[in-house]
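For reference, the structure discussed in these notes is given below.
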Amino acid sequence: MNQSEQRPDPQDSLAHEPASGSLSARARAAVAPQSPYLNGLNPEQRAAVEATEGPVLVLAGAGTGKTRVLTTRIAHLIATGKAYPSQILAVTFTNKAAREMRERITSVIGPVAEGMQWLGTFHSIGTKVLRRHAELVGLRSDFTILGTDDQLRLMKQVIEAEGIDEKRWPARQLAGHIDGWKNRGLGPDQVAAGEAGAFANGKGGRLYRAYQDRLKTLNAVDFGDLLLECLRLWREHPDILEQYQNRFRYMLVDEYQDTNVAQYLWLRLLAQARKNLCCVGDDDQSIYGWRGAEVDNILRFEHDFPGATVIRLERNYRSTGHILSAASGLIAKNQGRLGKTLRTEDEPGEKVSITGAWDSEDEARLIGEEIEALHAKKHPLSEIAILVRISAQMREIEDRLVTLGVPYRVIGGPRFYERAEIRDALAYLRVVNQPADDLAFERIVNVPKRGLGDATIQVLHNHARAARVPLVEAARFIVETDELKPKPRATLRDLLISFGRWAKLSETLSQSEVAQTVLEESGYTDMWQKDKSADAAGRLENLKELVRSMEEFPDLQSFLEHVSLVMEANESDTTERVSLMTLHAAKGLEFDTVFLPGWEEGLFPNQRALDESGRAGLEEERRLAHVGLTRARRRAKIFFASNRRIHGLWNSTVPSRFVDDLPETNVEILEAPANFSYGGSRFDRMQPFSGSSYQTPGWQRAQAHRASTDDGGYSARRSGDRRGPVLIEGELVAKSSGGSGFAVGGRVLHTKFGPGTIEAVDGNKLTVEFDKAGRKMVLDSFVKAMG
DNA sequence: AAGCGGATTTTTTTT
DNA sequence: AAATCCGCTT
């Protein structure tokens, strides 16, 4: 990064004492007494900017100007001379957020902001710290950062080395455990024995330790280590911790609700000394609990940092009245929250619409029609987003958009550097750069296929382990023996010669030229050119992009660093398109019009989230709904379908409880079949949420299971074997199903499932044994009584 | 060593 | 329905 040349700045002498009282600082403060950057802030925002000393928690609801507060606060610290740019630690979660913040600070106070060398993600800052003190935690400063795939490969090796059946105890699962431990700041020695023992008959802790040992041998770390090793470093070397505590006069954290325990500990160590820690976040937007984020961190802030100032930003500058009230009403149903009430001075605007569709295809069709109508009214497509709960919902919507010729773009998906072709290309470069990189070598030794399969690799491994040398070294030895069959032996020899040649090349050619050559001569480019699958062209495109982007870096080392932590696909596509993404990917974005399909029980709230995390899971799902709604500036449109195919099977579904959580005055029901009438649906849920009944096997699975195993007669069923609370019946049936009067034993005809016999009546839901389709639960409006 | 076919699995995703 | 994985065959 560019270092600031503007003025003397104690950037590299960590021991240099702060200079807030210095003449230069005071002089600089005097230059800008008016602080023009503070203009236009509302009182709360201004308070958040000016409360520079001590712990501060800024609870910033959606659309309340959070980023503005954060950037202005940094500008304020610098402009008033309270700190040099290099003395401010500013942490974000994504590189994108870090980049945007840097840009915005620059636009407020100019290029001084370039001197903020400690603005970045937890991981990039952790990397920086570790590289400086690598030897103290048993690494060399040029350690490599492993991606998920390398990690998995390594774990497989560890599991096998311990003589454990990888099929019974999959590496993926172990990776999950280790990841979880690292998220919680636990090293191999700190994991509770009972917990570690749950994996592989008590070998969990041992595998964790073995994995860490292997990482050290390879001079590698995984993402979790970037934080964990910092913790260890600081705990074991208080003098070094002190240097950092002195350096970081002010600390800021964005999206605090997403921090995990390790990150919390990391921050706490640093903040202990000066306590100038400002955390900005929104407990109502915590949606990453499933990957270790602890909402508790934000809920407990005042407790953890006594004397903390808490500032609430509740003025929303994004959405119109109805949307905001709908979102507020929804989130108010959550128990565990600090409580904020968003308000707007904007007009009420359109109500949030709720549309019932017959099935998911119908739903996609309705959305497509509305988009076309909006487009016809000159609504820019780039201001329209469709937010889904799970990626699987995208396909049908994409199909529809393609049919209609509506241009769209999918946001999210696999990251550029996670793609196989990029990882492969990088692996080649890693081996050229550092032949001892076993993981990289193993990855590409047989890509493209050269006939060096498992058997050959095994031989290499055996020698490498016996002689305690890297695989490449072992390979050099083996090709001189006759241990391998002639063919693989010759192939391997050729490959080694190639690597030698490429390494020489890198002395004279530029990095990107070397990459180009390696990819061509190794046959890698060729492999994709011969590939006839649909995405082969895209992959070649990505490889080109990779080679091109290398030109911007002085050496391979810094490029690899960049790529393992930062690199993203370039999204410089400015064409007019509708955006399609998951709700998770939508956080932080906003659009004029937002479509929210799939608000059905089981899908959203997601059944699995409920099964695995109970009430906490439900609340996180509700926060997700809240995030979805608050993405909309002027129009939010909710959809649900009565039939949806899940894993290839048609299921009839029931509107999400979140639909019922919306205040009636802020919504309008469109095209809803009679029985979806809003007032009624809130009273006749299939199964009101009540802890115990939702605990384990998912309601739907339980339902399905019951349907398939319980083939007893009516008597058993009629005698009230229905689990869970008793539902209000009768009244609504009479009201909504009018003359139909469905009764147990009656014959009905369903548009999709054909004829069947009613097994049970439950409000406006019927359990029907269909002649062809088996037992299903359907809404009575979708069947006709048969004579 | 590689490729086919049956079996199994199926959320959300950053670094 | 689809994609991925695993094991068996060639």
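First the proteins, then the strands, lettered A, B, ... as listed; each starts at 1.
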- Item | Stacking check A:Trp290 vs B:dT13 (5.5 Å / 30 deg) | no

- Item | Min side-chain heavy-atom separation A:Leu174-A:Tyr208 under 4.5 Å | no

- Query: Given atom NZ of A:Lys449 and atom C1' of B:dA1, what is their separation to the nearest angstrom?
  - Reply: 9 Å

- Message: I'd like to know if the side chain of A:Glu398 pairs up with that of A:Tyr408 as donor and acceptor (distance under 3.5 Å, no hydrogens or angles considered).
- Response: yes

- Would you kindly give the CD-to-P distance between A:Gln607 and B:dT12, to the nearest whole Å? 16 Å

- Min and max contacting nt of DNA chain C in 5' to 3' order, chain A heavy atoms within under 4.0 angstrom, are C:dA1 to C:dG7

- Message: Nearest to the side chain of A:Phe223, heavy atoms from C-beta on, is which of B:dT13, B:dT15, B:dT10?
- Response: B:dT15

- Item | Closest listed nucleotide, where the reference is the side chain of A:Asn95 and the choices are B:dA1, B:dT15, B:dT11 | B:dT15

- Message: Rounded to whole Å, please give me the gap between CG in A:Asp179 and P in B:dT15.
- Response: 14 Å

- Item | B:dT10 pyrimidine/purine six-ring stacking with A:His647, under 5.5 Å and 30° | yes

- Message: Output the rounded distance in Å from NZ (A:Lys587) to P (B:dT15).
- Response: 12 Å

- Item | Comparing A:Pro488 and A:Asn606 on DNA chain B - which has the more 5′ nearest nucleotide | A:Pro488

- Identify whether any heavy atom of A:Arg389 sits under 4.0 Å from a base atom; if not, whether one sits that close to sugar-phosphate; answer base, sugar-phosphate or nothing. base

- Message: Side chain of A:Thr94, heavy atoms from C-beta onward: which of B:dT15, B:dT13, B:dT10 has the nearest atom to it?
- Response: B:dT15

- Message: Classify A:Asp258 by what it touches in the nucleic acid, base, sugar-phosphate, or nothing, heavy-atom distance under 4.0 Å.
- Response: nothing

- Whole angstrom value for the distance that separates C1' of B:dT12 from CZ of A:Arg623: 13 Å

- Sugar-phosphate only, base, or nothing, as touched by A:Asn446 at under 4.0 Å among non-hydrogen atoms: sugar-phosphate

- Pairwise 5' ranking along DNA chain B for A:Gly224 and A:Thr456, keeping only the more 5' one: A:Thr456

- Message: Would you call the rings of A:Trp290 and A:Tyr288 parallel, tilted or perpendicular, taking 30° and 60° as the class edges?
- Response: tilted

- Pair A:Asp254-A:Thr92, side-chain donor/acceptor within less than 3.5 Å: no

- Measure the distance from CD on A:Glu612 to C1' on B:dT12 and round it to the nearest whole Å. 11 Å

- Is there a donor in the side chain of A:Ser124 and an acceptor in the side chain of A:Thr121, or the other way round, less than 3.5 Å apart? yes

- Task: Find out whether the Lys NZ or Arg CZ of A:Arg131 is both under 6.0 angstrom from the six-membered ring centre of A:Phe143 and within 45° of the ring's axis.
- Result: yes

- d(CG, A:Leu610; P, B:dT12) in whole Å: 16 Å

- Could you tell me whether the side chains of A:Arg622 and A:Asn334 share a donor-acceptor contact shorter than 3.5 Å? yes

- Does the side chain of A:Tyr256 pick up a donor-acceptor pair with the side chain of A:Asn297 at under 3.5 Å? no

- Checking all strands, does A:Ala585 fall into the base, sugar-phosphate, or nothing category for heavy-atom contacts under 4.0 angstrom? nothing

- Query: Does A:Ser391 make a side-chain N or O approach to OP1 or OP2 of B:dT12 shorter than 4.0 Å?
  - Reply: yes

- Would you say a side-chain N or O of A:Ser124 is under 4.0 Å from OP1 or OP2 of B:dT15? no

- Message: Measuring only the C1' atom in each nucleotide, how far is C:dC5 from B:dT12? A whole number of Å is fine.
- Response: 23 Å

- Whole Å only: how far is the CD atom of A:Gln458 from the C1' atom of B:dA1? 15 Å

